[in-house]
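Quick notes on the structure that follows.
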Amino acid sequence: MLRKFLLQASIRRNFTASSSSFVFLRQCSSSSSSSSQIPNGHFVEHLEKSAESPPSATISVDRTALYNPPGSIKIYSYDSVFFFSFYVYCEGWICLYVEHSHEPSAESVLVKNLKNIIKFRGGPITVSEYMEEVLTNPKAGYYINRDVFGADGDFITSPEVSQMFGEMIGVWAMCLWEQMGKPNKVNLVELGPGRGTLLADLLHGASKFKNFTDSLHIHMIECSPALQKLQYENLKCATEDGADENEKRINSTIAESPVSWHAMLEQVPTGLPTIIIAHEFFDALPLHQFQKASRGWCEKMVDVTENSSFRFVLSPQPTPATLYLMKRFKWAETEEIARLNHIEVCPKAIDLTQEISKRIAIDGGGALIIDYGVNGIVSNSLQAIRKHKFVDILDNPGSADLSAYVDFAAIRHSAEEVPGASVHGPMTQSQFLGSLGINFRVEALLDNCTEEQAEYLRTGYWRLVGEGEAPFWEGPDDQTPIGMGTRYLAMAIVNQKQGIPVPFQ
């Protein structure tokens, strides 16, 4: 499900394993082991360093699911001398240099890169860093080099379910354009456009309204070259020579609207009213997970075990993301926080919401956010989906989509901090689409179609606005349509001067 923003340039370091390694020995304390089981089946290890200074060879450690008798020695072998020379100095480890040979590894490029990052850091990385690397690594990221959508991919999004979804988004965009005073030039931006299906259906549906389509300059925020190619095809784009001999203009022939691609929203030119669509985009933004422990809220991190597999551990001290956790706490009721043992915080969602809100407050326009989520704090929702089935988050990174519930309350509070922007919703996707006229649209389509097409329309309609299993389904049980109408929420952010947008009145 997205798509995806995660577009900050980052330094990637790749190292080749040498034919030697350090063997690390440390003295383990007699403290008993403790661990916290989390839903995906991984144990979370609690690591606590000794407060003694200067550093010594003794560290107080709680080892998950292991018993360490008093005075016992644990041995760890890693593949890179460089990675841990600094770690040895800082953490007070005793090391012995040994020679050994390496066997060929079947690990993927992405797995090796993740392990190299962890080794270079001298310790675990955040869940946010893990997500960003898995989803958008320039060489092996999940979204970068493949089409992951549809029946043959890993998941199906609303635009792939039925053309009616994109058509209803078009109705919303045209209504907003009218509220804006029908400007002659408008930026129409989609964040994480997937295959481009939503905008293609929007343009097809709006093609009869020439004043609207003629005003549009379409901007696609997409980091995947593979998906950019699909979007170019689905929007039926054509490339023409521009005014400058080195300049190329790309137009969608569906509505003769110019199309541009960007790596991030800030690259879209300012100064024009802007309509932003973010459908199943926020759910794939990297997030931080926190877990309640005896010493308070600790950030959950991703580390590598002795047998070279990934595991979750808890940070022994506050991390930079704790600032966002404290900010999120200010927006929540004390009782809401007290009943939780896990909390997810998405700094990128908070920052992006404010960037969107500031642009809208200055230039005019609005943003529509539709995603699965809740109107409150999100607890432990991060999930991995491969071939339409849930799988372990840490299993074979890069082969499954990672996404989490969207905290719509945090989005609302973030937008409300921006003067000149107003927030509306959330409401359920069923309410949103119903108010825009999807019921009338499906009836009109059913009046002029074959029986096979009618079955497809009824199934798509149920998936968009229904709840649970479709009561009319007579096909195989494993193909029963599941309604997303109440799982998905819709929220709008608009310029205050434009009033309340349809259908949030």
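In what follows, residues are counted from 1 in the order of the sequence shown.
- Rounding to the nearest 0.5 angstrom, the gap separating the CD1 atom in I393 from the CD1 atom in I385 is 11.0 Å.
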Check step by step if side-chain contact (heavy atoms from CB on, under 4.5 Å) holds for Y232 and V259.
-> CA-CA 9 Å; Y232 183 96; V259 183; over 6 Å; no
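- A donor-acceptor contact shorter than 3.5 Å is absent between the side chain of E299 and the backbone of P318.
- Evaluation of the side chain to side chain donor-acceptor pair (under 3.5 Å) test over residues 431-440, restricted to residues two or more places apart or in two chains, returns T428-Q431, N439-Y461.
- Remark: the backbone N or O of I250 is not paired with any side-chain donor or acceptor of T239 at under 3.5 angstrom.
- Side chains of V302 and L114 form no contact here, defined as non-hydrogen atoms less than 4.5 Å apart.
- T322 contributes a side-chain N or O that, together with a main-chain N or O of T319, makes up a donor-acceptor pair within less than 3.5 Å.
- The side chain to side chain contact (heavy atoms under 4.5 Å, CB included) search around D363 returns T270, R359, not counting sequence neighbours.
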Tabulate below the donor-acceptor pairs under 3.5 Å that side-chain atoms of residues 409-416 make, not counting sequence neighbours, or state none.
from, atom 1, to, atom 2, distance (Å)
R412, NH1, N375, OD1, 3.0
S414, OG, A410, O, 2.7

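- Formation of a donor-acceptor pair under 3.5 Å by the Q383 side chain with backbone atoms of F390 is not found in this model.
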Going through the distances and angles, do D283 and Y488 end up as a side chain to side chain donor-acceptor pair (under 3.5 Å)?
-> CA-CA 11 Å; D283 67 313; Y488 283 68; over 6 Å; no
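- Looking only at distances, a side-chain donor or acceptor of W462 sits under 3.5 Å from a matching main-chain atom of G468.
- Taking CE of M174 as the reference point, atom CG of N211 lies at 11.5 Å (rounded to 0.5 Å).
- Applying the side chain to side chain contact (heavy atoms under 4.5 Å, CB included) rule to C346 yields the partners L285, L287, K348, A349; only residues at least two apart in sequence or on another chain are considered.
- Shortest non-hydrogen contact noted between H424 and P501 is CD2-CD, 3.4 Å.
- Here the side chain of E233 pairs no donor or acceptor atom with the backbone of R195 at under 3.5 angstrom.
- Taking 4.5 Å as the limit, every side-chain heavy atom of N341 sits out of range of all side-chain heavy atoms of Q291.
- Salt bridge status for D241 with R249: absent, with no side-chain N to carboxylate O gap under 4.0 Å.
- Applying the ring pair (Phe, Tyr, Trp, His ring centres under 6.0 Å) definition to pairs two or more places apart or across chains, those involving residues 180-224 are W177-F212, H217-H219, H219-H262.
- Taking each heavy atom of W172 and A492 in turn, the nearest pair found is CZ2-CB, 4.2 Å.
- When all heavy atoms are compared, the tightest approach of G196 to Q231 is N-CG, 3.7 Å.
- Pairs passing the side chain to side chain donor-acceptor pair (under 3.5 Å) check and including a residue from residues 492-505, sequence neighbours excluded, do not occur.
- Counting only residues at least two apart or in different chains, side chain to side chain donor-acceptor pair (under 3.5 Å) contacts with residues 466-480 are absent.
- Side chains of V494 and L176 form a contact here, defined as non-hydrogen atoms less than 4.5 Å apart.
- Here the closest non-hydrogen pair linking V391 and A400 is CG2-CB, 3.8 Å.
- For K236, the salt bridge (Lys or Arg N to Asp or Glu O under 4.0 Å) criterion is met by no residue, not counting sequence neighbours.
- From L202, atom CG reaches atom CD1 of I218 across 8.0 Å, with rounding to the nearest 0.5 Å.
- One finds the CG atom of L457 at 5.5 Å from the CE atom of M164 (value rounded to the nearest 0.5 Å).
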I would like to know whether L464 and M168 meet side-chain contact (heavy atoms from CB on, under 4.5 Å); could you show each step before the answer?
-> CA-CA 11 Å; L464 291 177; M168 294 301 104; over 6 Å; no
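- Here the side chains of L230 and E222 are not in contact, with every heavy-atom distance at 4.5 Å or above.
- I377 and I337 get closest at one heavy-atom pair: CD1-CG1, 4.1 Å.
- Residue pairs satisfying the salt bridge (charged side-chain N to carboxylate O under 4.0 Å, His left out) criterion with at least one member in residues 432-461, sequence neighbours excluded, are listed as follows: E167-R441, E451-R458, E455-R458.
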Verdict with reasoning, L110 to E133, per side-chain contact (heavy atoms from CB on, under 4.5 Å) | CA-CA 8 Å; L110 184 61; E133 191 68 19; 4.0 Å; yes
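- Every residue two or more places apart in sequence or in another chain that forms a ring pair (Phe, Tyr, Trp, His ring centres under 6.0 Å) with Y405 is listed here: Y372.
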Give the C-alpha distance, both sets of side-chain angles, the deciding distance and a yes or no for side-chain contact (heavy atoms from CB on, under 4.5 Å) between N380 and K300.
-> CA-CA 11 Å; N380 199 24; K300 193 185 294 183; 3.8 Å; yes
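- Dense packing is recorded around CD of E240, with more than 12 heavy atoms of other residues, nucleotides or ligands lying under 6.0 Å away.
- You'll find the side chain of L489 stays beyond 4.5 Å of the side chain of V406, heavy atoms only.
- With a 4.5 Å cut-off on side-chain heavy atoms, K292 and L340 do not count as touching.
- Proximity of a side-chain donor or acceptor of S252 to a complementary backbone N or O of L235 within less than 3.5 Å is detected.
- In this structure, the side chains of T213 and K210 come closer than 4.5 Å at one or more pairs of heavy atoms.
- Of all non-hydrogen atoms in L394 and Y130, the two that sit nearest each other are CA-OH, 3.4 Å.
- Using cut-offs of 30° and 60° for the angle between ring planes, the F504 and F432 rings count as tilted.
- Considering R311, K389, R386 in turn, R386 is the only one that fulfils the salt bridge (Lys or Arg N to Asp or Glu O under 4.0 Å) rule with D395.
- For the atom pair CD of Q289 and CG of L325, the computed distance is 12.5 Å after rounding to the nearest 0.5 Å.
- Identified under the salt bridge (charged side-chain N to carboxylate O under 4.0 Å, His left out) test for residues 479-495, with sequence neighbours left out: none.
- Listed for the N187 side chain is a donor-acceptor partner under 3.5 Å among the backbone atoms of P269.
- Looking at N251, its side chain never comes within 3.5 Å of a backbone N or O of T253 through a donor-acceptor pair.
- In this structure the side chain of T197 never reaches within 4.5 angstrom of the side chain of F165, judged on heavy atoms.
- The structure places CD1 of I438 at 4.5 Å from CG of L433, a figure rounded to the nearest 0.5 Å.
- With hydrogens and angles ignored, the 3.5 Å screen pairs a side-chain donor or acceptor of T274 with a backbone N or O of L272.
- Residue pairs satisfying the salt bridge (charged side-chain N to carboxylate O under 4.0 Å, His left out) criterion with at least one member in residues 318-329, sequence neighbours excluded, are listed as follows: K327-E417, R328-D407.
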